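Below, chains carry the letters A, B, ... as their sequence lines are ordered, and counting in each starts from 1. Everything quoted here is computed from the prediction, not taken from an experiment.
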2 protein chains.
Amino acid sequence: MTRTRPETRIQARNRAAILEAALDVFSAHGFRGATLDQIAAAANLSKPNLLYYFPSKDAIHDALLAGLLDTWLDPLRALDPEGEPLEELLAYVRRKLEMSRDLPRESRLFANEIVQGAPRIHATLSSDLKSLVDEKARVLTGWMAAGRIARVHPHHLIFSIWSLTQHYADFDVQVRAVLGDEDPFDSAPAFIETLYRKLLSP
Amino acid sequence: MTRTRPETRIQARNRAAILEAALDVFSAHGFRGATLDQIAAAANLSKPNLLYYFPSKDAIHDALLAGLLDTWLDPLRALDPEGEPLEELLAYVRRKLEMSRDLPRESRLFANEIVQGAPRIHATLSSDLKSLVDEKARVLTGWMAAGRIARVHPHHLIFSIWSLTQHYADFDVQVRAVLGDEDPFDSAPAFIETLYRKLLSP
DNA sequence: CGTTGCTTTGACCTTTTGGTCAAATCATTC
DNA sequence: GAATGATTTGACCAAAAGGTCAAAGCAACG
């Protein structure tokens, strides 16, 4: 029986600082490209101190990914089968685009992980993610069968939303290099909304 | 005056083997995640032998990126201002999707680079890439002004093609985890073609 | 205000990794 | 087939990086 002591104020503050710093560093350099020294420096802690709060580099990364996956899928979970189809989908798209704008580091953390073959979350993808997407794909199929939105491949429809919205976070430098001064988030929402209105009008 | 000796057969073979091996390793693990030992092993060479052909890890990576950037942008260059607008755009989309299917490692090499802020090719993006995209955006704008395709933001239109097509290479594991047995490249082309037909019909 | 347990750190260890070098081997050409 | 230059390698090096540990510093509570 190990007694679980309550978390002290210092622990709460330092753990939060570490995760914040780690998100910065991991999202910018990938898992292998990030170093404990960088993370410790960004969190204003010494390296041994950092390792007092998390047992290893992997543990920090895992904690981040686990905590984020839920947040990341919330917008899709919120897609309401009882709602007005087109509005539900546009709301989902909007929410995803807001996340790309407001949480780009989180998006890039996932992008790094997935591009490199998702070594750490492959199992989660094939179980949790797949079943969530399958469930929502059935909702979409129902809407299509009822003639409430146009008939398209439901899974690819979802992929298209992911790719179009996350592109603005993951490929931010490229987008901005091409766009120059124009802020992508000024013009992207209208473009993407138009796209889905045209695609999905029955 | 340094005399440039012609490349021997052995040199040609080994340099090619190294670049092939490096593409494998860099695209799978990112720059920092790849090691010279891995690349050397994949190329069937000893590490010092590898460094006889390329002076450093950076040099190998640079050689890959430089060689690939051109290939990567060829489909966009091929967009013909004199062609039939919708057909030109659909051909571009098709070509990009084929590249995702046939050259996924190349796509992931770029994805790794860009997600991490494009430290090595930032300058190229803001000069060469930007001017190519701007040029083609003007072509699109012309087509829109002439009423030959629907009016949408031309840059975002191009971004959408990049993101929709490259998603199938860069996020391959995720797509396959969600799709199960279905091959994404069986169903994606039809979905994407439909999408652009609906978006762009005047 | 001293004890207890939480927190922090300097010093250190080991492994990994990019890179060097001199010597050996191999190919080619005269 | 000897000489010349291209190719290959084992041994080695220094720096970076993940991680350990014992001791010191602090906070809080009785």
- Task: In whole angstrom, give the distance that lies between atom NE2 of A/His29 and atom P of D/dG18.
- Result: 12 Å
- Is any side-chain N or O of A/Lys57 under 3.5 Å from a base N or O of D/dG19, one able to act as donor and the other as acceptor? no
- Message: Set out, in order, the CA-CA distance, both residues' side-chain angles and the distance that settles side chain to side chain contact (heavy atoms under 4.5 Å, CB included) for B/Gln116 and B/Phe31, then state yes or no.
- Response: CA-CA 10 Å; B/Gln116 295 182 14; B/Phe31 179 77; 6.0 Å; no
- Query: What is the nucleic acid contact for A/Tyr53, judged by heavy atoms within less than 4.0 Å: base, sugar-phosphate only, or nothing?
  - Reply: sugar-phosphate
- Item | Atom pair CG/CG of A/Leu109 and A/Leu103 - distance to nearest 0.5 Å | 11.5 Å
- Message: I need the CD-P distance between A/Gln38 and D/dG19, as an integer number of Å.
- Response: 15 Å
- Item | Integer-rounded Å distance: C/dT8 P and A/Asn44 CG | 12 Å
- Whole Å only: how far is the CG atom of A/Asp37 from the C1' atom of D/dG19? 11 Å
- Query: Would one find a side-chain N or O of B/Arg32 under 4.0 angstrom from OP1 or OP2 of D/dA16?
  - Reply: no
- Message: Under 4.0 Å, heavy atoms only, any strand: does A/Ala34 hit a base, just the sugar-phosphate, or nothing?
- Response: sugar-phosphate
- Query: Is the distance from OP1 or OP2 of D/dA6 to the nearest side-chain N or O of B/Asn14 less than 4.0 Å?
  - Reply: no
- Closer than 4.0 Å, any side-chain N/O of A/Tyr52 to the OP1 or OP2 of D/dG19? no
- Reckon B/Ile10 touches a base, only the sugar-phosphate, or nothing at all at heavy-atom distances under 4.0 Å? sugar-phosphate
- Length of the CG-P vector between B/Leu51 and C/dA22, whole Å: 16 Å
- Gap between atoms CZ and C1', on A/Arg13 and C/dC6 respectively (whole Å): 13 Å
- Message: Is it the case that the side chain of B/Lys47 and the backbone of B/Leu36 share a donor-acceptor pair, with hydrogens and angles ignored and the cut-off at 3.5 Å?
- Response: no
- Message: Both B/Gly33 and A/Arg9 contact DNA chain C. Which one's nearest nucleotide lies toward the 5' end?
- Response: A/Arg9
- Task: Taking only the side-chain nitrogens and oxygens of A/Gln11, find out if one of them lies under 4.0 Å from OP1 or OP2 of C/dT7.
- Result: yes
- Message: Tell me whether the side-chain N/O atoms of B/Asn49 come closer than 4.0 Å to OP1 or OP2 in D/dT7.
- Response: no
- Say whether A/Asn112 and A/His29, considering side chains only, have a donor N or O and an acceptor N or O under 3.5 Å apart. no
- Which is true for A/Leu36 with a 4.0 Å heavy-atom rule: it touches a base, it touches only sugar-phosphate, or it touches nothing? sugar-phosphate
- Task: Would you kindly give the CD1-to-C1' distance between B/Ile60 and C/dG19, to the nearest whole Å?
- Result: 12 Å
- Under 6.0 Å between ring centres, would you say that holds for A/Phe159 and A/His153? no
- Query: Between C/dG18, D/dG10, C/dT9, which nucleotide gets closest to the side-chain atoms of A/Pro48?
  - Reply: C/dT9
- Query: Expressed in angstrom and rounded to an integer, what is the separation of A/Leu50 atom CG from C/dG10 atom C1'?
  - Reply: 16 Å
